[in-house]
Chemist: 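Right, I'll just put the structure down here and ask away after.
Letters go in sequence order (proteins before strands), and every chain restarts at 1.
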Amino acid sequence: MNCKPQELLIFTIARMLEGIEHVAVGVSSPIPGSAALLQRSLSGGTTQVTVLNSRNLQTLNDGAGELFDRAAQGRIGAFFLSGGQIDGKANINLVGIGDYPRHHVRWSGSFGSAMLYYLVPRVILFREEHTRRTLVDQVDFISAPGTSPPEIYRPGGPYALVTGRCVFMFDRAKARFVLTSIHPGHRLDEIRENTGFAFDLANNIIETPLPDDATLTLLRGPIAQEIADPYPAFAQ
Amino acid sequence: MPEISVKELANRIPDGAKVAIPPSRSGVALAATRALIGRKARNLHLVAIPTSGIQADMLIGAGCVAVMECAGVTLDEHGQAGRFVEAVKAGSITLRDSTCPALVSGLQAGEKGIPFMPMRGLIGSDLLKYRPDYRVIDNPMSDGPDPIVLLPAITPDIALFHAPLADRHGNVWIGTMRELMTMAHAARQTFVTVEEITDADLMWDELRAPATIPALYVTAIAQAPHGTWPLGLQGCHEPDNTELARYARASKNADDFASWIARTANGKNG
């Protein structure tokens with residue numbers, strides 16, 4: 001079977017969720033959502049998944065605050081964030097480009113990022129568009145910082161950045177991204193050309209592994225059906 | 001319980017009121033929103049608990065809003081909220097950007113009648129930089145340094161939302177939309193539009209009562225079938241995605257927006 005680019009991303013993210021007990025997925029995240037469902041399926045159900053705004057995939061029932069309460073208790077193992085801009089220190093910007101508040105480009109807003117990024121141990125940054133427009137040296141507005149000084153209570157933070165071209169892991173001590181795998185069909189020089197921040201190279205950069213046929217069948221069947229509830233347009 | 005018309009309900013939300021509104025999945029009172037636009041409401045301070053979408057965008061586009069307090073305004077799968085984006089760029093609304101749990105926590109402080117709620121996160125973000133009303137203190141319960149943010153209580157003048165069912169006493173059944181309960185507890189007045197009004201007493205129904213806002217908190221109710229259209233209502237109506245996509249396109253400029261508002265002024269069956 002031929003693996004589509006989005007299926008590779010879903011598989012790549014799913015592998016980062018191994019061993020996580022509770023994964024939560026926020027708004028506008030169909031690819032991470034599919035990845036969480038794939039991991040749940042591969043884990044035989046030990047990974048629990050909550051997809052916000054979903055009926056079938058909703059495991060919480062105490063209103064808008066419940067997810068955040070669980071995160072504050074340390075009971076959400078993984079979450080996904082993105083950014084209109086993401087910089088080399090893993091700062092994310094969900095607000096806009098230019099001077100605040102009258103940006104010349106304005107996005108939706110920071111949503112839960114300014115809390116979840118601090119408290120969820122494994123935050124996976126996901127941005128399919130990998131260009132100098134999205135991956136910048138320094139964000140124009142910090143919705144949530146990638147790292148914090150030692151006196152700040154921060155059990156959580158960025159774990160990896162998955163893009164349409166490659167995977168970076170985040171080194172929290174150095175506050176720098178490390179390129180660890182390149183998706184099939186992409187090259188290191190192309191990644192450098194399209195990345196606005198400096199990053200380190202892993203000793204052994206691999207080609208991002210493709211899912212096998214059984215995994216693809218699972219993705220195109222039951223997972224696609226489940227993700228259609230919160231994300232009907234994506235499933236189509 | 002005063003059962004009033006949607007128009008009367010909108011008339012009782014005064015200009016300048018601080019109005020708490022729910023996220024797009026949780027019973028957005030769009031029939032009442034059309035009535036607010038119809039009566040040319042002005043200078044509203046919207047507090048999204050914690051985000052909004054078409055509702056805030058419609059009110060902003062129609063010139064009803066002075067202050068927008070939110071963690072995000074989005075049309076979700078349909079894209080950017082065009083009137084919101086335009087107003088922010090033009091500086092025609094005062095923006096109070098926040099993060100979802102800060103709005104929920106602030107509202108909980110309002111519910112409890114206490115001045116503030118502490119919350120983890122936010123420190124080092126530009127959100128905090130632009131919110132002088134958010135304060136950082138050193139956690140007094142800690143032995144070592146532990147800075148933590150305090151969020152002022154949010155006490156809305158009005159909570160406005162739509163629910164599936166009310167009874168003749170004014171009790172309102174909200175199902176799993178629990179943020180509506182917090183909104184009603186914290187707000188000084190609560191106006192609710194509903195799909196249906198039943199003759200049964202919801203507080204005497206063991207299955208319904210735990211998810212029912214007692215009439216004590218409810219100022220007035222108006223019946224508005226399909227009152228969230230074109231948004232959906234869990235268990236009642238699917239979202240009208242065709243119309244939401246039309247709105248998303250129309251919201252990109254003022255003229256198309258005005259035409260959309262005029263065309264849909266009477267709601268789903270208009």
Chemist: Mind telling me whether His185(B) and Tyr217(B) have parallel, tilted or perpendicular rings, with 30° and 60° as the class edges?
Modeler: tilted

Chemist: Between Ala114(A), Ser148(A), Gly109(A), Gly156(A), which has the largest tally of heavy atom pairs under 4.5 Å with chain B?
Modeler: Ala114(A)

Chemist: In terms of heavy-atom contacts, does CD of Glu129(A) have more than 12 from other residues, nucleotides or ligands at under 6.0 Å?
Modeler: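 Check passes, neighbour count above 12.
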
Chemist: Could you tell me which portion of Ser98(B) (side chain, backbone, both or neither) has an atom closer than 4.5 angstrom to a non-hydrogen atom of chain A?
Modeler: backbone

Chemist: Counting only heavy atoms not in Glu206(B), do more than 12 fall under 6.0 Å of its CD?
Modeler: no

Chemist: Could you tell me which non-hydrogen atom of Val218(B) sits nearest to which non-hydrogen atom of Pro214(B), and how far apart they are?
Modeler: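 Looks like CG2-O, 3.7 Å.
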
Chemist: Would one find more than 12 heavy atoms of other residues, nucleotides or ligands at under 6.0 Å from atom CG of Asp133(B)?
Modeler: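 Count over threshold, so yes.
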
Chemist: What part of Ala64(A) lies closer than 4.5 angstrom to a heavy atom of chain B: side chain, backbone, both or neither?
Modeler: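 Backbone plus side chain of Ala64(A), per the 4.5 Å heavy-atom cut-off to chain B.
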
Chemist: Between Cys100(B), Pro22(B), Gly72(B), Ser24(B), which residue shows the highest count of heavy-atom pairs closer than 4.5 Å to chain A?
Modeler: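 Looking at each option in turn, the highest pair count goes to Cys100(B).
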
Chemist: So which of Ile152(A), Ile142(A), Asp62(A) has the biggest tally of heavy-atom pairs under 4.5 Å with chain B?
Modeler: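 Going by pairs under 4.5 Å, I would pick Ile142(A).
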
Chemist: Would you call the rings of Phe199(A) and Phe168(A) parallel, tilted or perpendicular, taking 30° and 60° as the class edges?
Modeler: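 Taking Phe168(A) first and then Phe199(A), their aromatic rings stand perpendicular (interplane angle over 60°).
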
Chemist: Under the side-chain contact (heavy atoms from CB on, under 4.5 Å) rule, what do Leu17(A) and Thr47(A) come out as? Steps first, then yes or no, please.
Modeler: CA-CA 8 Å; Leu17(A) 302 173; Thr47(A) 297; 5.5 Å; no

Chemist: Among His103(A), His104(A), Arg106(A), who wins on heavy-atom pairs under 4.5 Å with chain B?
Modeler: Arg106(A)

Chemist: Chain A contacts: which residues in residues 230-244 of chain B have a non-hydrogen atom closer than 4.5 Å to it?
Modeler: Gln234(B), Glu238(B)

Chemist: Mark yes when over 12 heavy atoms from residues, nucleotides or ligands other than Arg172(A) sit less than 6.0 Å from its CZ; otherwise mark no.
Modeler: yes

Chemist: Would one find more than 12 heavy atoms of other residues, nucleotides or ligands at under 6.0 Å from atom CZ of Arg135(B)?
Modeler: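 Atom CZ in Arg135(B) is not packed in, count stays at 12 or less.
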
Chemist: Please name the residue in the list Arg75(A), Arg70(A), Gln48(A) that meets the side-chain hydrogen bond (donor to acceptor under 3.5 Å, both in side chains) test with His22(A).
Modeler: Arg70(A)

Chemist: With a 4.5 angstrom heavy-atom cut-off, could you sort out which part of Arg120(B) is near chain A: side chain, backbone, both or neither?
Modeler: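 Contact with chain A: backbone and side chain both.
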
Chemist: Does any backbone or side-chain atom of Met119(B) lie under 4.5 Å from a heavy atom of chain A? Answer side chain, backbone, both or neither.
Modeler: side chain

Chemist: Write down the atom of Val120(A), the atom of Ala71(A), and the distance for their closest heavy-atom approach.
Modeler: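 Heavy atoms of Val120(A) and Ala71(A) come nearest at CG2-CB, 4.2 Å.
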
Chemist: Using a cut-off of under 4.5 Å on heavy-atom pairs, state which of Leu127(B), Ile148(B), Thr176(B), Val104(B) scores highest against chain A.
Modeler: Leu127(B)

Chemist: Please find out if less than 6.0 Å separates the ring center of Tyr100(A) from that of Phe141(A).
Modeler: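 Yes, close enough.
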
Chemist: Tell me, out of Gly121(B), Gly175(B), Pro101(B), who's got the most heavy-atom pairs with chain A below 4.5 Å.
Modeler: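 Sorted descending by pairs with chain A, the first entry is Pro101(B).
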
Chemist: For chain A, which of Asp97(B), Thr94(B), Val85(B) has the most heavy-atom pairs under 4.5 Å?
Modeler: Asp97(B)

Chemist: Please classify the contact between Ser110(A) and chain B as side chain, backbone, both or neither, with a heavy-atom cut-off of under 4.5 Å.
Modeler: both

Chemist: Give a yes or no on this: more than 12 heavy atoms of other residues, nucleotides or ligands lie within 6.0 Å of atom CD of Glu151(A).
Modeler: yes

Chemist: Of the backbone (N, CA, C, O) and the side chain (C-beta and beyond), which part of Val139(A) lies under 4.5 Å from a heavy atom of chain B, both, or neither?
Modeler: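 Contact with chain B: none, neither part.
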
Chemist: Please identify, among Ala211(B), Gly91(B), Ala81(B), Pro50(B), the residue contributing the most non-hydrogen atom pairs under 4.5 Å to chain A.
Modeler: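 Looking at each of Ala211(B), Gly91(B), Ala81(B), Pro50(B) in turn, Gly91(B) comes out on top.
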
